[in-house]
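The block underneath contains the structure these notes are about, expressed in structure tokens.
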Amino acid sequence: MVGSGKDPYTRVVATLVEGLSDVLGAPEVQVFRLLQPPPRREYGDLSFPVMRFASRSGVDPETAVESVRGMLWERNLLRFVDMRLESGFLNVKFKGEDVADEVFRLLASGWKPSPARASKPRTFVVEHTSANPVHPLHLGHARNASLGDSLARLLRARGHMVNVRFYINDMGRQVAVAALGFKLAGVEPRKLAEDMGVKPDAAVGWVYAVTHNALEAVKARASGDARELDEAMAALARLKERGPRAVFESILSGVSKLGDPEEEVNKIMRRYEEGLEPEKSLVRGIAEAVLEGFRETLTAFGVEFDDWDWESDLAWSGEVSRILEEARRSPYFTVYKEAPALDIPRVARELVEPDPEARERIRLPRGFEVPPLILVRSDGTTLYTTRDIAYSVYKFRVTGADRVINVIGADQRLAQLQLRLALLALGYRREALNMEHYDYEIVRLPGRRMSGRRGEFVSLDEVLAEAEERSLREVKARNPGAPEEWARSVASKIAVGAVRFALVQPGRLKPITLDVEKMLDFRENSGPYLQYTYARANSILEKHGEIDYLKASPQALDEGMRRDLLVDALRFPVIAAKAADDLAPEDLAAYLLKLADEFNKWYERDTVIHEPDEAARHAKAALVKLVRDSLGEGMRLLGVEPLPRM
RNA sequence: GGGCCCGUAGCUCAGCCAGGAUAGAGCGCCGGCCUCCUAAGCCGGUGGUCGGGGGUUCAAAUCCCCCCGGGCCCGCCA
């Protein structure tokens with residue numbers, strides 16, 4: 001459950017979990033979760049509510065503790081801990097000297113703290129970000145990317161195989177709208193970007209927003225909806241200033257001259273789905289241009305993908321038609337509003353409710369009732385969800401994955417639930433049960449929602465640029481005379497650290513109201529605070545020079561802050577392992593902040609390089625190294641790059 | 001109308017799923033600390049009817065029910 005690690009903390013925890021679970025008859029998962037640091041340090045380093053289980057299993061608490069003690073003894077681990085039963089809790093306290101002794105030995109052999117390895121490695125697919133290729137990535141996508149990338153890094157570090165994928169939605173209405181805009185303007189995305197002096201994704205985003213609002217205006221005018229019309233016109237007025245006048249005008253006049261603008265958009269979608277020219281090259285060209293911009297931003301953001309999947313490839317390769325065939329043969333196939341559909345509520349009633357495992361994995365809302373899921377439009381084109389069914393099956397098939405994690409906004413909950421039920425309807429039970437929607441709440445602008453359609457959003461590029469500018473000023477002030485190139489590189493890593501940390505630290509179900517000021521506050525509770533703490537620790541080590549572990553005195557770390565810091569730095573492998581298992585990068589973030597706090601407090605009171613006693617000095621330096629490396633490894637897992645100096 | 005998520009200090013949040021030991025951080029505000037390992041730091045002070053009500057329990061911020069406030073979703077959009 002805990003997995004394997006060389007350090008005494010991981011080994012003790014693994015044994016406690018095994019032993020307690022054994023003697024109390026409680027599942028290891030539960031024991032692992034309840035084995036936590038007590039509310040106050042004087043109780044010890046780890047605590048477990050034995051009495052809760054003792055009464056349930058009829059085992060005397062004392063007996064249980066003795067049994068666990070015996071197990072630790074057998075594994076030669078008892079020397080590391082004191083164990084006491086206090087008011088029904090088993091309190092475990094690590095013995096500083098003995099732990100330090102063992103840690104010095106490990107460090108001397110080149111050991112570094114790293115997440116405990118899973119005993120059963122699995123294959124994961126993490127699909128994340130997957131933004132529509134019609135506008136630049138905004139902070140909502142950045143939250144998605146931060147979460148997805150951190151998950152992937154955590155799972156890999158835990159020893160799993162992880163395949164990270166980006167799904168390119170190039171068959172939706174949005175791309176078709178952008179395509180219409182480019183067609184009317186007669187420009188090419190990359191050329192326009194050059195003229196505007198912006199990245200290609202920003203240029204496409206502008207054309208998309210102009211075209212979308214022009215279409216909305218026409219529609220509102222036709223229907224006499226004054227409010228909609230006002231909104232569209234206001235958006236257009238804002239957009240007008242942000243790009244070449246000629247392009248803006250040709251889109252506007254082009255759209256107004258179209259007899260049936262909606263039909264124009266539909267035609268592009270239809271022809272693209274069939275793979276016909278010139279739509280094929282037009283749409284692909286736009287999407288490629290945007291993806292080029294995405295890649296640039298994501299690379300700067302420290303996010304990488306193994307595979308990029310084109311929605312259109314699934315359609316063109318016959319994958320989607322195959323799924324449609326299977327749907328038609330499914331007992332849950334139905335016709336709804338004269339269109340082929342799947343009877344989703346019936347799937348819920350017949351395939352989920354009677355099946356305990358399915359019920360547990362697929363949580364149905366009470367009184368779940370939705371209309372059947374339509375698979376094909378009356379013009380013969382497929383719908384997003386239909387293609388997503390094909391994609392889901394595809395992800396499992398090409399990777400051989402045990403689990404697929406889709407990092408998608410919470411607003412897609414119902415759609416994701418329908419998707420899993422559709423998989424069940426087609427007989428893909430394993431896939432349906434092992435695919436999860438890793439949902440997160442949106443990032444809001446103060447007072448309103450971000451919208452790529454209205455062209456109202458804060459792009460990740462803008463925020464990173466602003467953060468970089470701020471940190472560059474600070475870096476230069478603190479390092480007068482440092483080379484410009486170095487300062488820039490450090491500033492950009494601080495900027496990324498700040499934004500990524502700000503986006504993974506809060507629980508993912510908390511809606512974030514975007515306060516750029518707060519995000520760029522580099523004080524405590526921030527990515528740069530961790531980087532700063534790392535740099536401080538690193539600076540000590542540089543000044544100290546080589547550590548001689550044979551000289552280091554374990555007694556120096558036996559008590560007080562040093563002992564506490566030693567134990568807390570050693571928690572990293574287990575905390576990271578748990579964060580990986582729970583898919584909870586925010587737990588790792590909280591731990592790193594606490595470790596940094598503790599280190600900084602100790603730093604103010606104690607000295608390393610001025611320590612007169614040589615044995616104590618080497619011991620303290622070893623402690624600093626352990627803290628630095630736990631911090632550094634943890635930061636890396638969250639995409640916050642450790643900096644030797646800043 | 002139905003469903004889901006959120007509601008904890010002036011502000012942003014952790015703790016809730018897996019009930020227990022004096023509810024934790026940061027920001028803000030007030031006051032201190034740089035001839036000494038990076039002050040993006042540290043120390044002290046300030047601040048809480050855990051949205052409200054009921055229930056279960058020896059024990060509830062945590063579980064159950066009702067209500068209130070905010071958000072999201074219920075499309076031949078994605």
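Chain letters run A, B, ... following the sequence lines, proteins first, then strands; residues in each count from 1.
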Notebook entry, point to check: OP1, OP2 of B:U38 versus side-chain N and O of A:Lys543: anything below 4.0 Å?
Noted result: yes
Margin query: Return whichever of A:Ser471 or A:Arg173 has its heavy-atom-nearest nucleotide of RNA chain B closer to the 5' end.
Written below: A:Ser471
Margin query: Suppose we screen for side chain to side chain contact (heavy atoms under 4.5 Å, CB included). Which residues come up paired with A:Lys476, at least two apart in sequence or across chains?
Written below: A:Leu472, A:Glu484, A:Ala487
Item checked: A:Lys601 side chain, from C-beta outward: closest of B:C42, B:C37, B:A78 -> B:C42
Margin query: Base, sugar-phosphate or nothing for A:Gln174? Non-hydrogen atoms, less than 4.0 Å.
Written below: nothing
Check: Is there any ring-ring contact (aromatic ring centres under 6.0 Å, His included) pair reaching into residues 519-545 of chain A, and which pairs are they, with sequence neighbours excluded?
Finding: A:His544-A:His618
Margin query: For A:Arg165, is there an ion pair with A:Glu127 - N to carboxylate O distance below 4.0 angstrom?
Written below: no
Notebook entry, point to check: Who passes salt bridge (Lys or Arg N to Asp or Glu O under 4.0 Å) against A:Glu436, sequence neighbours left out?
Noted result: A:Arg403
Item checked: Close approaches to RNA chain B from residues 578-600 of chain A, in residue order (heavy atom, under 4.0 Å) -> A:Asn600
Checklist line | Donor-acceptor pair under 3.5 Å, A:Thr385 side chain vs B:A78 base | finding: no
Next item on the list: Would you mind classifying the nucleic acid contact of A:Gly409 as base, sugar-phosphate or nothing, using non-hydrogen atoms under 4.0 angstrom?
Entry: nothing
Next item on the list: Identify which nucleotide among B:C42, B:G20, B:U38 has an atom closest to any side-chain atom of A:Phe89, counting heavy atoms from C-beta outward.
Entry: B:G20
Notebook entry, point to check: Taking a pair as Watson-Crick (N1 to N3 plus N6-O4 or O6-N4) or G-U wobble (N1-O2 and O6-N3), both under 3.5 Å, which stems of 3 or more consecutive pairs involve RNA chain B?
Noted result: B:1-7 with B:68-74, B:10-13 with B:24-27, B:28-33 with B:41-46, B:51-55 with B:63-67
Check: A:Ile540 has a side chain; which of B:G41, B:A78, B:C37 sits nearest to it?
Finding: B:C37
Item checked: For A:Glu86, all residues meeting salt bridge (Lys or Arg N to Asp or Glu O under 4.0 Å), sequence neighbours excluded -> A:Arg84
Next item on the list: Measure distances between side-chain N and O atoms of A:Asn525 and base N and O atoms of B:A14, and say whether any donor-acceptor pair falls under 3.5 Å.
Entry: no
Notebook entry, point to check: Do A:Ser378 side-chain and B:C76 base share a donor-acceptor contact under 3.5 Å?
Noted result: yes
Notebook entry, point to check: Under the salt bridge (Lys or Arg N to Asp or Glu O under 4.0 Å) test, which residues partner A:Lys543, sequence neighbours left out?
Noted result: none
Next item on the list: Scan side-chain atoms only and decide if A:Tyr438 and A:Asn406 contain a donor-acceptor pair under the 3.5 Å cut-off.
Entry: no
Notebook entry, point to check: How far, in whole Å, is B:C16 from B:C63 if one measures between their P atoms?
Noted result: 9 Å
Item checked: Proximal nucleotide (of B:U12, B:A18, B:A39) relative to the A:Lys518 side chain -> B:U12
Note to self: With syn defined as a glycosidic angle within 90° of 0 and anti as the rest, where does B:C34 land?
What the structure shows: syn
Item checked: C1'-based separation of B:C13 from B:A18 [nearest Å] -> 22 Å
Item checked: Closest listed nucleotide, where the reference is the side chain of A:Arg40 and the choices are B:A78, B:C27, B:A21 -> B:A21
Notebook entry, point to check: Hey, which of these two, A:Met171 or A:Asn479, hits RNA chain B nearer its 5' end, going by closest nucleotide?
Noted result: A:Asn479
Checklist line | Which residues share a side chain to side chain contact (heavy atoms under 4.5 Å, CB included) with A:Glu231, sequence neighbours left out | finding: A:Arg227
Notebook entry, point to check: Which part of the nucleic acid, if any, lies within contact of A:Phe368, taking any heavy atom under 4.0 Å across all strands shown: a base, the sugar-phosphate backbone alone, or nothing?
Noted result: nothing
Contacts under 3.5 Å, N or O only, protein and nucleotides 1-9 of chain B:
from	atom 1	to	atom 2	distance (Å)
B:C4	OP2	A:Arg366	NH2	3.4
B:C4	O2'	A:Arg413	NH1	3.1
B:C5	O4'	A:Arg413	NH1	3.2
B:C6	O3'	A:Lys510	NZ	3.4
B:G7	OP1	A:Lys510	NZ	2.8

Checklist line | Any residue meeting side chain to side chain contact (heavy atoms under 4.5 Å, CB included) with A:Ala622, in chain and number order, not counting sequence neighbours | finding: A:Phe104, A:Leu107, A:Ile547, A:Tyr549
Next item on the list: Scan A:Leu383, A:Leu342, A:Ile323 and name whichever one has a side chain to side chain contact (heavy atoms under 4.5 Å, CB included) with A:Leu375.
Entry: A:Leu342
Next item on the list: For A:Asp170, check salt bridge (Lys or Arg N to Asp or Glu O under 4.0 Å) against everything at least two apart and list the hits.
Entry: A:Arg284
Notebook entry, point to check: What nucleotide among B:A21, B:C42, B:A78 has an atom nearest to a side-chain atom of A:Pro38?
Noted result: B:A21
Next item on the list: Could you name each residue pair satisfying salt bridge (Lys or Arg N to Asp or Glu O under 4.0 Å) that touches residues 334-344 of chain A, not counting sequence neighbours?
Entry: A:Asp343-A:Arg346
Check: Donor-acceptor pair under 3.5 Å: do we get one between A:Arg645's side chain and the base of B:U38?
Finding: no
